[in-house]
Amino acid sequence: MSNLRFKAVEKAFSRKAVRVEAPGAKTSDYFGSLVFDRRQMRKYLSKETLKAVLDAIDRGVPLERNIANHVAAGMRMWAMELGATHYTHWFHPLTDGTAEKHDSFAELEAGGGVIEEFTGKLLAQQEPDASSFPSGGIRNTFEARGYTAWDPSSPAFIVDDTLCIPTIFISFTGEALDYKMPLLKALHAVDKAATAVCKYFDRDVRKVHSYLGWEQEYFLVDEALYSTRPDLVLTERTLMGHESAKNQQLEDHYFGAIPTRVSAFMRELEYECYKLGIPVKTRHNEVAPNQFEVAPIFESVNLAVDHNLLLMSTMKRVAEHHNFKVLLHEKPFKGINGSGKHNNWSLGTDTGINLLGPGKNAAENLQFITFMVNVLQAVYKNNALLKASIASANNAHRLGANEAPPAIISVFLGTQITKVLDELENSEGTSAIRVTEKTGTRVSLSHIPELLVDNTDRNRTSPFAFTGNRFEFRAVGSSANCASAMIALNTAVAYQLQEFKQETDKLIESGVRKEEAIFTVIRKYIIESKAIRFDGNGYSEEWKKEAQKRGLDCETSVPVIYDAYLTPQSVKMFSAVDVLSEKELHARNEVKWEVYTKKIQIEARVLGDLALNHVIPVATQYQGILLDNVYKIKTVFADAAKAGTLAAQDFSLIEEISERVNIIKTKVDAMVEARKVANKIENEREKALAYSAKIFPFFDEIRYHIDKLELIVDNELWTLPKYRELLFIR
Ligand code: ADP
Ligand code: MG
């Protein structure tokens, strides 16, 4: 056994779990120890500074420069005590992932020597050399540079020796070049709109928070095997590989025992997460072999998004200690479930009410139904946009495949809520509403005295499901920045709540009683949004046909799906709630199309290289061995007919190899030609369309023959680790 593959397999299979030192303390002793949170602020900031920062965090009051100086000084002191020597503005450019540029605290002193310094100016704003981040032309056309600005609502933290400061990233003319800025605006918009609606029910509500609890799925592969698969290294997914004889058919992985090596990794990951203040809570195996999930306790959306990004980079860091590579790609292995990132989402008031959870009394339930129905209406009107918010070259492998929700957004409500909505819809006028005598102001819906929603009523095939006290947006991809989905969802809901308020107020102004007005509008929405409700099997063929009839967006081409951001309806909505301007929407779509093209382009190159450099040479080498054998048989057996019979098997393999090698070569050549044509297209949308329609289809055609060759070529010659080796951690 000489080839690299066997060395890697031997190494991978002989590994023992890495011992992780137990922290020797309770989680609460070290939770958040690397975060400049309120506890640390109280220690390191003066009372006056603390108050100003808390006002900025809680109420968005701008911080004055001299206050920023004090914060910076306190932050630096804290960070240096923990061994930090550098700082960075940490931001989320339009690629998935985060960006940072580290600077040392050290500054030269006028009289010579070095002093550690960190000013409010450096904390508050920086100009990263950002010309290489995708900007969809905004920065190039309008301004040469962009800058990052501190987001005090997400606390600074330390990774290794660096103080990381969460920031937004914008152009000099103020356009967002990142995910965080529009996310903060969307959260502000939904807060404003939802608070206004809450006032119908409770005048004490001052703020509505949007909450997110993500569930991160991922694969682990041994790092030695990973390194010998150029496709994994360069594209994070396998572009070839025949299915393993055993994969997930036995369904023995889900909730099975976690392998020792993996649980050592998970323990260390959890420890690192706790120090960073990420409240991870559950861990388990997923459906596919080597697939796992980690989920935290939900948090306010901005923080949850930052924590998810931080988790993803922490996973990669920790995995190295255990000789693993983490695959966050949505579909690393063909024929095996891909990875998603369910986004559990809800709205809650500062008075402690979950607006998407059934309440304790009728008034709370009317409020609940109001929000529930507005979400339904928002998802209905923006189903194409929501799909666009999660669409990517990677995620396209999951959506519409037979394992994940289809590329059609629908909402699952469960039998109880469906029943309530049906009753409301069919109830005569406003007879369902009456003000209860005792409390005077309380509203009662005779049909919904008390709601106890059974959240075991679940439908795993729905892309957007109500699960008792929240909605679960399940179509989000595992490698995505959750912000994209959260921007679209919160914007849509904010806009919808605004409309609801306007319609309801109009009725009230015309003399209709408040409760009646609310009910009338809700009833209208229940009827209008009916098409989005679907509790059946989302994987079925019938549903695709049915969805088409209902007028839901059924587009499956990713570049075309992105158009949903630029419809007049979307443009109007994003600007009405002040989340993204038309110019920003256009620029961001340019980036989306460009990223799509580049992903397919890279995959096409890697596939071509592997086909020509790994597969064809190995196949022809094996063919040579077979030919040798035939030659020898003919030499030994003088009787030609007899020799022919004896070599029959070899002959058929020799022919099959030739046929497949020829097809592979021809298709790779054709794919290269198609790329040349596509590369000449200047318009980003058109180019992405060409890559999607003209180049992408080659992948499966080429792969098919490669995978067949893998089955017949001598195992010892094959250079790439096979699925059965990649997928089963010992
Ligand atoms: P599942 O059964 O779908 O795996 P989990 O119990 O693991 O669900 O929870 C999934 C996520 O939903 C967790 O992050 C949890 O904190 C979050 N979650 C629970 N309640 C809410 C809520 N009201 N709003 C947002 N997220 C929530
Ligand atoms: Mg879930």
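Each ligand, and each atom within it, is numbered from 1 in the order the structure gives.
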Options Ala295, Ser210, Gly348, Ser346, ranked by nearest heavy atom to atom 24 (N) of ligand 1, top entry: Ser346
SB check Lys180 Asp306 (cutoff 4.0 Å): yes
Sidechain-backbone polar pair: Asn344 side chain, Glu472 backbone, donor-acceptor under 3.5 Å: no
N/O separation below 3.5 Å, Thr282 to ligand 1: no
Pairing of Arg38 and Asp58 as salt bridge, 4.0 angstrom limit: yes
Neighbour count >12 (heavy atoms, 6.0 Å) for atom NZ, Lys199: yes
Glu215: numbered ligand 1 atoms lying under 4.0 Å from its heavy atoms: 1 (P), 3 (O), 4 (O), 10 (C)
Proximity winner for atom 5 (P) of ligand 1, if only heavy atoms of Arg470, His209, Gln216 are counted: Arg470
Short N-O contact, Lys192 and Asp578, less than 4.0 angstrom: no
Region of Glu472 engaging ligand 1 - heavy atom pairs below 4.0 Å: side chain
Contact atoms of ligand 1, heavy-atom distance to Asn354 under 4.0 Å: 23 (N)
Test side-chain hydrogen bond (donor to acceptor under 3.5 Å, both in side chains) applied to Thr351 and Asp204, step by step: CA-CA 8 Å; Thr351 54; Asp204 292 340; over 6 Å; no
Ligand 1 to Trp345 polar contact by distance, N or O atoms, under 3.5 Å: no
Main-chain N/O of Lys331 paired to Arg398 side chain as donor or acceptor, under 3.5 Å: no
Proximity to ligand 1 by part of Lys281, non-hydrogen separation under 4.0 Å: neither
Within reach of ligand 1, part of Thr467 (heavy-atom separation under 4.0 Å): neither
Ligand 1 to Ile297 polar contact by distance, N or O atoms, under 3.5 Å: no
Output field: ring centroids Tyr525/Tyr380 closer than 6.0 Å: no
Closest to atom 25 (C) of ligand 1 (judged by heavy-atom distance), picking from Asn344, Leu356, Val280: Asn344
